[in-house]
Amino acid sequence: MLQVSILREQRDRIIKGLEKRRLKDAATLVDQVINLDQSRRDTQKQADDLKAKSNAEARRIGELMKAGKADEANTLRTAIASEKDQLKSLEQKLTGLEEALKVHLYKIPNVPAEKVPAGGGADDNITVHEHGSMPQLGADALPHWELIKKYDIIDFDLGIKITGAGFPVYKGKGAKLQRALINFFLDEAEKAGYREMLPPIVVNEASGYGTGQLPDKEGQMYFVQEDGLYLIPTAEVPITNLYRDVMLTEGQLPVKNVGYTPCFRREAGSWGAHVRGLNRLHQFDKVEIVQVRKAEESYQTLDEMCAHVQGLLEKLELPYRKLLLCGGDMGFNSAMTYDMEVFAAAQQRWLEVSSVSNFEAYQSNRLKLRYKNKEGKTELLHTLNGSALALPRIVAGILENNQTPDGIKIPNVLVPYCGFDKIS
RNA sequence: GGAGAGAUGCCAGAGUGGUUGAAUGGGACGGUCUCGAAAACCGUUGUGCGGGUAACCGUACCGAGGGUUCGAAUCCCUCUCUCUCCGCCA
C-alpha cells in the first residue's frame with residue numbers, strides 16, 4: 001500500500017500517475033484517503049489529550065492514597081467517570097477511522113514510475129528490445145501440445161485422471177527436462193550472486209496480505225480451509241515475506257534471493273482454446289529471483305534483473321522480446337514492470353515467460369520492511385522480483401522452435417543437465 | 001490426537017495493581033585508559049502514531065484481542081503460537 005504521508009504531500013503527482021493506469025476515480029480515491037487521514041489525526045489528538053489528562057488524574061489518586069487522604073481520592077474518582085465514556089467513544093471512532101483508512105488504501109494500486117507509458121492494455125506496451133531470429137519451420141511443424149503426445153513426454157490426460165485439468169504429468173525425458181531447467185536456472189542465479197531458498201509452498205493469511213495477494217486476489221489462490229493456509233501462486237510470496245516486520249542493517253543489504261517452487265493458480269474463468277497445452281496451467285514450476293534494495297538503487301537493480309533474465313533466454317537460444325508494460329497492464333503492486341516474451345514458432349505466438357517488477361516501497365510499507373540509513377533514520381526499502389524463469393512456456397518454446405524431422409534438439413547449455421541432446 | 005508448561009526489550013532473564021519503557025546480566029555501539037589491543041571503568045542502546053521549524057512534548061506498545069479498575073506487564077476471559085512428554089508418522 002502507498003504511504004499516507006506521500007499521498008498527502010504529493011496528491012497531484014500521485015493522481016496523475018494513477019491515471020496512467022486508466023484507473024477510474026483516481027482523484028476521488030486519493031481524496032477519500034486524505035480526508036480519512038485528516039479525521040484520524042484530529043481524533044487521535046483529542047483522544048491523546050484526554051488520555052494524558054486521565055493518566056495524570058490516576059497518578060494523583062495513587063499519590064493521595066499513599067498519603068492516606070482517602071476522601072480526596074474518592075472525590076476525584078467520581079469526577080473521572082464522565083471522561084471515561086468520552087474516551088471510549090473517541091477510541092471507537094479512532095479504530096473505525098483507521099479501519100476505513102486501511103480499506104481505502106488497499107484499493108489504490110501502486111503509482112507507475114515516470115518512464116511507464118499510459119495505457120489501458122497490452123496494445124499500449126512498448127517493445128524495448130528484441131533478440132534472436134524467428135525460426136523457420138516446415139509446413140508440417142506441430143504445436144507443442146502435439147509434440148508432447150508424439151514423444152510421450154507430458155501427459156495431460158493422466159493429470160486429469162489423478163487431479164484435474166491443468167495439472168500435467170511430466171514423463172521420462174519430459175520430467176528430466178523440467179529438472180534440468182530448474183537446476184540450470186538455480187545455478188545461473190547463484191552465479192549472479194543470489195542465495196538459494198527453498199521455502200514452504202503454503203503460506204498463512206498474513207503472508208498473503210504482506211505481498212498484496214490479499215485481499216483482492218483471494219479467489220486466485222487455492223485455499224486449505226482446515227488450516228487457513230494458501231497454496232502459493234509464486235515464490236515471491238514466501239520469499240518476500242521472509243522480510244515481513246524486519247529491520248535490516250546496512251550491512252545486510254542488498255538482499256538477493258532465488259527460489260524454486262511449484263506455483264498454483266486457480267485462474268478461475270480464464271480457461272479456453274487460447275490457453276491450450278502448456279500455455280496456462282493450475283500448477284507449474286518457476287524459479288523466482290527476489291531482491292531487497294535501498295530506494296536509490298532499485299531502478300538500476302531492475303535493469304540488472306532484466307539483464308539476468310535476458311541472459312538466460314539467450315543461453316537457451318530462444319528468440320524473445322522485452323516489453324515495458326503500460327500503466328493499465330501492470331500488476332496492482334508494481335511501479336514498473338518489464339515482461340519477457342518468447343516466440344513460439346509453431347503457434348506463431350509470443351508467450352510471456354518472465355515478468356520483472358520494481359514495487360518500490362509499496363510492498364515494504366505493508367511488510368514493514370525497513371533499514372536504518374547512515375543518519376540513523378529508518379527508511380522503507382524497495383522490493384523487486386522476477387521470474388527467472390517460468391518453466392512451461394519455456395518448454396513450449398524449446399519444443400516448438402527446436403523440432404526437427406528426427407526429434408527435438410535440446411539447447412546446448414541444457415545438455416549436461418539433461419544427459420541427452422535430443423528428444424525423439 | 002492426549003497431557004502439561006510457557007510467551008517480557010537485540011539475546012538471556014526479574015517483575016509487589018500506582019512516575020515500570022520496564023531491574024539485572026550479556027551483546028552491540030561510543031568514550032576514558034593504551035603505541036595498539038585485552039581487561040577495567042563511564043555512557044548510549046526501542047518502535048508506531050500525533051503535536052511542534054526545532055529542542056522536545058503527548059500517546060500507545062511486555063504474543064493478539066476483549067474485560068475488571070481512578071490506575072494493568074501484573075487480575076479475569078478468548079484466541080494464536082512455542083516448548084516438553086505420550087501417541088501416530090515420511
Side-chain angles (χ1 to χ4, degrees), chain A residues 1-9 33-106 198 200-210 214 223-230 238 241-253 262 361-381:
Chain A
M1 64 187 162
L2 294 168
Q3 297 164 78
V4 183
S5 58
I6 290 180
L7 236 47
R8 207 159 57 206
E9 287 154 20
V33 168
I34 292 174
N35 291 335
L36 280 167
D37 179 57
Q38 188 57 52
S39 330
R40 189 199 105 241
R41 289 192 291 160
D42 294 344
T43 309
Q44 191 188 325
K45 180 90 179 87
Q46 289 175 43
D48 279 1
D49 288 348
L50 195 57
K51 272 186 224 166
K53 189 165 173 246
S54 72
N55 281 348
E57 286 161 348
R59 223 172 290 137
R60 177 81 189 127
I61 289 176
E63 284 164 14
L64 290 170
M65 298 291 281
K66 251 183 195 165
K69 299 177 184 167
D71 298 354
E72 279 184 53
N74 281 325
T75 325
L76 193 52
R77 206 175 277 178
T78 46
I80 287 171
S82 77
E83 274 173 25
K84 300 290 290 178
D85 294 342
Q86 207 186 335
L87 190 60
K88 194 157 236 173
S89 78
L90 272 175
E91 269 174 347
Q92 268 168 16
K93 189 178 167 194
L94 189 61
T95 49
L97 284 167
E98 279 167 351
E99 201 54 42
L101 185 61
K102 208 179 346 171
V103 168
H104 280 82
L105 264 180
Y106 281 164
L198 186 60
I201 58 172
V202 290
V203 293
N204 57 28
E205 194 184 25
S207 296
Y209 276 95
L214 296 175
F223 180 57
V224 184
Q225 182 75 251
E226 193 81 11
D227 302 290
L229 298 173
Y230 295 86
N241 270 284
L242 298 173
Y243 301 91
R244 172 151 47 82
D245 289 315
V246 164
M247 178 84 79
L248 293 172
T249 60
E250 190 136 25
Q252 291 172 293
L253 291 167
Y362 193 89
Q363 283 184 328
S364 59
N365 188 35
R366 220 186 265 202
L367 291 163
K368 294 209 193 67
L369 166 54
R370 298 160 300 172
Y371 84 111
K372 266 206 203 308
N373 67 19
K374 284 198 177 72
E375 291 86 54
K377 277 202 169 179
T378 51
E379 233 180 281
L380 287 172
L381 287 158

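So that the names make sense, note that chain A is the first sequence line, chain B the second, and so on, each numbered from 1.
Residue A:L76 is out of contact with every strand shown, counting any heavy-atom pair closer than 4.0 Å. Using a 4.0 Å heavy-atom cutoff across all strands shown, A:T378 reaches sugar-phosphate atoms only and no base atom.
Residues satisfying the salt bridge (Lys or Arg N to Asp or Glu O under 4.0 Å) criterion with A:R60, sequence neighbours excluded, are A:E63. Qualifying ring-ring contact (aromatic ring centres under 6.0 Å, His included) partners for A:Y230, counting only residues two or more places apart in sequence or in other chains: A:F223. Legend: residues meeting side chain to side chain contact (heavy atoms under 4.5 Å, CB included) with A:S89, ordered by chain and number and at least two apart, are absent. When the salt bridge (Lys or Arg N to Asp or Glu O under 4.0 Å) test is applied to A:R244, no partner is found at least two apart in sequence or on another chain. Every residue two or more places apart in sequence or in another chain was checked for a salt bridge (Lys or Arg N to Asp or Glu O under 4.0 Å) with A:D245, and none qualifies. Among residues two or more places apart in sequence or in another chain, the side chain to side chain contact (heavy atoms under 4.5 Å, CB included) test is passed with A:S5 by A:Q3, A:R8, A:E9. A:D227 pairs by the side chain to side chain contact (heavy atoms under 4.5 Å, CB included) definition with A:V224, A:L229, not counting sequence neighbours. Annotation: side chain to side chain contact (heavy atoms under 4.5 Å, CB included) contacts of A:A73 (sequence neighbours excluded): A:I61, A:L64, A:M65.
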Just list the side-chain donor-acceptor pairs under 3.5 Å for residues 92-103 of chain A, sequence neighbours left out, or say none.
{"from": "A:T95", "atom 1": "OG1", "to": "A:E91", "atom 2": "O", "distance (Å)": "3.2"}
{"from": "A:T95", "atom 1": "OG1", "to": "A:Q92", "atom 2": "O", "distance (Å)": "3.0"}

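For the contact set between residues 35-53 of chain A and RNA chain B, defined by any heavy atom under 4.0 Å, the members are A:R40, A:R41, A:Q44, A:K45, A:D48, A:K51, A:A52.
Between A:L369 and A:L248, the closest side-chain pair of non-hydrogen atoms falls below 4.5 Å.
Here the separation of B:A73 from B:A23, taken at their P atoms, is 15 Å to the nearest Å. Straight-line distance between the P atoms of B:U84 and B:G15: roughly 24 Å, to the nearest whole Å.
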Given Watson-Crick and G-U pairs under 3.5 Å, RNA chain B in dot-bracket ([ ] crossing, | other strand) is ((((((((.[[[..)..(.....]]]((((((.......))))))((((((....)))))).[[[[[..)....]]]]])))))))....
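The nucleotide range of RNA chain B contacted by chain A, defined by atoms under 4.0 angstrom from heavy atoms of the protein and reported 5' to 3', is B:G18 to B:G71.
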